[in-house]
Amino acid sequence: MKTVIIGGVAAGMSAASKLKRLLGDAVEIVVYEKGGEVSFGACGIPFYISDHIKQGKELIARTAEEFAKSGIPVKIYHEVTAVDTDAKTVTVKNLQTGEVFDDIYDKLVIGSGAGVRHFPPFDRSYSNLFEIRDVADGTRVKQALFDENQRHVVIVGAGFIGLELSEACRHYGKEVTVVELAEHVLPAFDTEISEALEAELAENGVTVRVGTMVQSLVEEDGRIVRAVLRRGEETEEIPADLVINSAGIAPATSFITNVEKAGNGAICVNERMETSIPDVYAAGDCSIMKSAVTGDYLYAPLGTNANKQGRIIGDILGGVQPKPFKLIGSSALRLFGIDAAKVGLSEKEAKARGLHYKAHMITGNSYASYYGTEKLNIKLIYDADTRKILGAETYGQGIVVPRANYYAIAIYAGLTVDEMGFMDLCYSPPFSGVWDAALIASNTAK
Ligand SMILES: Cc1cc2nc3c(=O)[nH]c(=O)nc-3n(C[C@H](O)[C@H](O)[C@H](O)COP(=O)(O)OP(=O)(O)OC[C@H]3O[C@@H](n4cnc5c(N)ncnc54)[C@H](O)[C@@H]3O)c2cc1C
């Protein structure tokens with residue numbers, strides 16, 4: 001069996017590794033990767049930029065040479081430009097030599113991820129306009145940040161990556177402005193959480209401009225020198241020595257046209273990662289699957305999903321029943337001194353869907369009150385009739401993200417707030433009060 005894999009990072013290499021472990025020499029695998037890096041942890045790039053992680057190579061799990069030794073040839077700088085699903089061939093361009101050739105497959109795995117969206121005025125290149133997708137991008141930004149003459153950083157987009165980058169840039173003492181079109185940072189989260197993050201950003205010297213767009217860029221000799229911001233009818237110019245575009249991503253799927261896709265171009269897959277075309281699978285940021293909470297397609301471009309989805313494909317192609325995977329929609333970040341997490345639906349998502357829900361929030365202790373003073377907040381969203389948990393958001397200090405994770409499990413299992421309220425959780429003062437904050441949040445839900 002010959003398996004061709006497009007993309008050599010989380011989804012693609014998870015599929016390749018699992019399949020090779022299961023079938024050994026009985027499978028021929030070839031991975032085409034258009035970039036020069038494979039199997040790297042993009043999630044660590046903001047911490048590499050902040051210099052918490054010193055070397056970019058620490059983010060690389062395995063190199064192309066190491067994969068080749070284990071029987072998985074990875075052709076770097078090879079871009080798949082087209083797929084013929086009738087002939088079962090892919091057209092590949094060697095980006096170093098310009099050679100173009102076709103390769104055949106029995107099974108095709110698409111793990112091509114997503115690229116940064118290039119919309120005006122970020123649709124042309126400047127020497128000081130950056131984006132972050134791979135380790136080399138991180139190195140370029142880091143080198144620019146080491147330059148003391150580059151004082152003003154403008155970050156476009158206040159999603160996870162933009163916010164993590166704002167902290168990284170503050171480590172170098174830069175004047176950082178984050179520009180966000182929505183009315184709050186981290187727009188997928190409820191307003192309480194976004195406002196807490198905005199306060200944390202302000203306290204740590206990051207300027208945040210919400211409800212604002214970067215209308216244009218002023219350049220001198222191919223370098224951006226100022227950004228023109230627009231909020232409503234008002235415009236304002238701010239200095240910009242470094243601009244980082246982190247305002248969204250677009251699935252990299254243009255090389256295949258006859259497969260079912262969502263509006264953003266992501267390839268629709270079922271829970272077995274099968275696409276609408278036989279023998280073609282997709283996983284990770286290039287794909288979209290249905291949420292276990294709502295039953296509707298949910299684009300969740302996260303490393304946590306890409307790894308699992310890739311492994312599912314490896315299992316299926318290797319003839320093994322994959323482990324069940326339900327997409328809950330779980331994400332977290334640390335921003336200076338505050339942690340925040342979201343699982344399942346936020347209140348605004350439940351409202352937008354017209355669900356009959358209730359929302360409930362508490363402030364609790366991360367540890368036993370006599371043991372530590374760190375506080376966290378828990379917001380629960382649950383079905384007003386069945387009392388099943390639909391979502392949870394946590395933010396604050398101490399043990400914040402693990403408590404959101406309890407609720408991810410509760411959502412998976414279809415638990416009600418009442419079942420969650422008497423859950424037999426571990427207790428010892430360094431970890432919680434005798435009534436864990438997650439139990440209190442559940443028990444006080446009316
Ligand atoms: C800065 C940053 C921080 C992040 N932090 C987190 C986090 O904290 N938690 C989390 O869960 N997720 C995080 N993510 C998201 C996570 O990194 C991605 O979800 C994950 O990398 C997706 O893996 P993937 O294999 O689907 O796609 P990618 O990692 O994008 O890899 C796809 C590969 O396919 C290649 N490719 C594309 N088109 C072609 C083609 N036509 N031919 C050949 N090759 C092609 C690309 O060059 C790319 O190398 C972060 C991402 C970034 C950028």
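Only this structure's heavy atoms are used, side chains among them; waters, hydrogens and symmetry mates stay out. Every number for a ligand or one of its atoms is a count from 1 in the order of the listing.
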Next item on the list: For Ala11, take its heavy atoms, then give the atoms of ligand 1 lying under 4.0 Å from any of them.
Entry: 24 (P), 25 (O), 26 (O)
Item checked: Among Gly113, Ala332, Ala42, closest by any non-hydrogen atom to atom 27 (O) of ligand 1 -> Gly113
Next item on the list: Return a yes/no value for Glu164: is any of its N or O atoms, backbone included, closer than 3.5 angstrom to an N or O of ligand 1?
Entry: no
Checklist line | Ligand-residue contact atoms, ligand 1 with Gly284, heavy atoms, under 4.0 Å | finding: 26 (O)
Checklist line | Arg133 versus Asp285, closest heavy-atom pair with distance | finding: NH2-OD2, 3.1 Å
Item checked: Atoms in ligand 1 flagged as close to Tyr32, the criterion being non-hydrogen separation under 4.0 Å -> 43 (C), 44 (N)
Item checked: Side-chain H-bond candidate by donor/acceptor type, Ser291 with Asp296, under 3.5 Å -> no
Next item on the list: Would you mind running through ligand 1 and noting each atom that sits below 4.0 Å from a heavy atom of Arg133?
Entry: 30 (O), 53 (C)
Item checked: Shortest non-hydrogen contact between Gly159 and Leu186, atoms and distance -> C-CD1, 3.8 Å
Notebook entry, point to check: N/O to N/O below 3.5 Å, does that happen between Glu37 and ligand 1?
Noted result: no
Margin query: With respect to Cys286, determine whether any N or O atom, backbone or side chain, lies less than 3.5 Å from an N or O atom of ligand 1.
Written below: no
Margin query: Side chain or backbone, does Glu79 bring an N or O within less than 3.5 Å of an N or O on ligand 1?
Written below: no
Next item on the list: Could you tell me whether Ile161 approaches ligand 1 through its side chain, its backbone, both or neither, with non-hydrogen atoms closer than 4.0 Å?
Entry: side chain
Notebook entry, point to check: Nearest to atom 44 (N) of ligand 1, what protein heavy atom do you find, and at what distance?
Noted result: Lys34 N, 3.1 Å
Item checked: Enclosure of Lys348 NZ (heavy-atom neighbours >12, cutoff 6.0 Å) -> yes
Margin query: Taking atom NZ as the centre, does Lys2 end up with more than 12 heavy-atom neighbours from other residues, nucleotides or ligands that are less than 6.0 angstrom away?
Written below: yes
Check: Of all the non-hydrogen atoms in the protein, which one sits nearest to atom 47 (O) of ligand 1, and at what distance?
Finding: Glu33 OE2, 2.6 Å
Margin query: Counting only nitrogen or oxygen atoms and a 3.5 angstrom limit, does Phe255 reach ligand 1?
Written below: no
Notebook entry, point to check: Does the N or O separation between Gly303 and ligand 1 drop below 3.5 Å for any pair?
Noted result: yes
Next item on the list: Using a strict 4.0 Å cut-off to heavy atoms of Ala114, name the atoms of ligand 1 that fall inside it.
Entry: 30 (O)
Next item on the list: May I ask you to say whether Asp436 pairs ionically with Arg403, meaning some side-chain N is under 4.0 Å from a carboxylate O?
Entry: yes
Next item on the list: Pull out every atom of ligand 1 sitting under 4.0 Å from any heavy atom of Ala10, numbered as shown with elements.
Entry: 23 (O), 25 (O)
Checklist line | Shortest protein heavy-atom distance from atom 26 (O) of ligand 1, along with the residue and atom involved | finding: Asp285 N, 2.9 Å
Next item on the list: First locate atom CD1 of Ile45, then atom CD of Glu164, and finally report the distance between them rounded to the nearest 0.5 Å.
Entry: 10.5 Å
Checklist line | side-chain contact (heavy atoms from CB on, under 4.5 Å) partner of Lys342, chosen from Phe189, Tyr395, Tyr407 | finding: Phe189
Note to self: Can you check which of Val9, Val38, Ile45, Ile132 brings a heavy atom nearest to atom 53 (C) of ligand 1?
What the structure shows: Ile132
Check: Is it true that atom NE2 of His118 has more than 12 heavy atoms of other residues, nucleotides or ligands lying nearer than 6.0 Å?
Finding: yes
Item checked: Where ligand 1 meets Pro301 - atom numbers and elements under 4.0 angstrom, heavy-atom basis -> 15 (C), 19 (O)
Next item on the list: Just go through Ser39, Cys43, Gly111 and tell me whose heavy atom is the nearest to atom 4 (C) of ligand 1.
Entry: Cys43
Check: At a non-hydrogen distance cut-off of under 4.0 Å, which region of Pro46 contacts ligand 1 (side chain, backbone, both, or neither)?
Finding: side chain
Margin query: With a cutoff of 4.0 Å, is His78 in contact with ligand 1, counting heavy atoms of the residue only?
Written below: yes
Note to self: How far is atom 34 (O) of ligand 1 from the closest protein heavy atom, and which atom is that?
What the structure shows: Gly7 CA, 3.2 Å
Item checked: Atom pair NE2/CG of His152 and Leu242 - distance to nearest 0.5 Å -> 11.5 Å
Next item on the list: Can you sort out which atoms of ligand 1 are near Ala306, meaning under 4.0 Å from one of its heavy atoms?
Entry: 22 (C), 23 (O), 26 (O)
Check: In terms of side-chain geometry, is the basic nitrogen of Glu79 or Lys93 positioned less than 4.0 Å from the acidic oxygen of its partner?
Finding: no
Notebook entry, point to check: Among protein heavy atoms, which sits nearest to atom 42 (N) of ligand 1, and what does the distance come to when rounded to 0.1 Å?
Noted result: Val80 N, 2.9 Å
Notebook entry, point to check: Are Arg124 and Tyr126 in a cation-pi contact, defined as NZ or CZ under 6.0 Å from the six-membered ring centre and within 45° of the axis?
Noted result: yes
Item checked: Protein contact to atom 37 (C) of ligand 1 [nearest heavy atom, distance to 0.1 Å] -> Ser112 O, 3.0 Å
Notebook entry, point to check: Looking at Ser254, Cys286, Pro251, which hits side-chain contact (heavy atoms from CB on, under 4.5 Å) with Ser112?
Noted result: Cys286
Next item on the list: State the CZ-CD1 distance between Phe67 and Ile72, to the nearest 0.5 angstrom.
Entry: 6.0 Å
Next item on the list: Return the minimal non-hydrogen interatomic distance between Ala64 and Ile76, and the atom names on each side.
Entry: CB-CG2, 4.2 Å
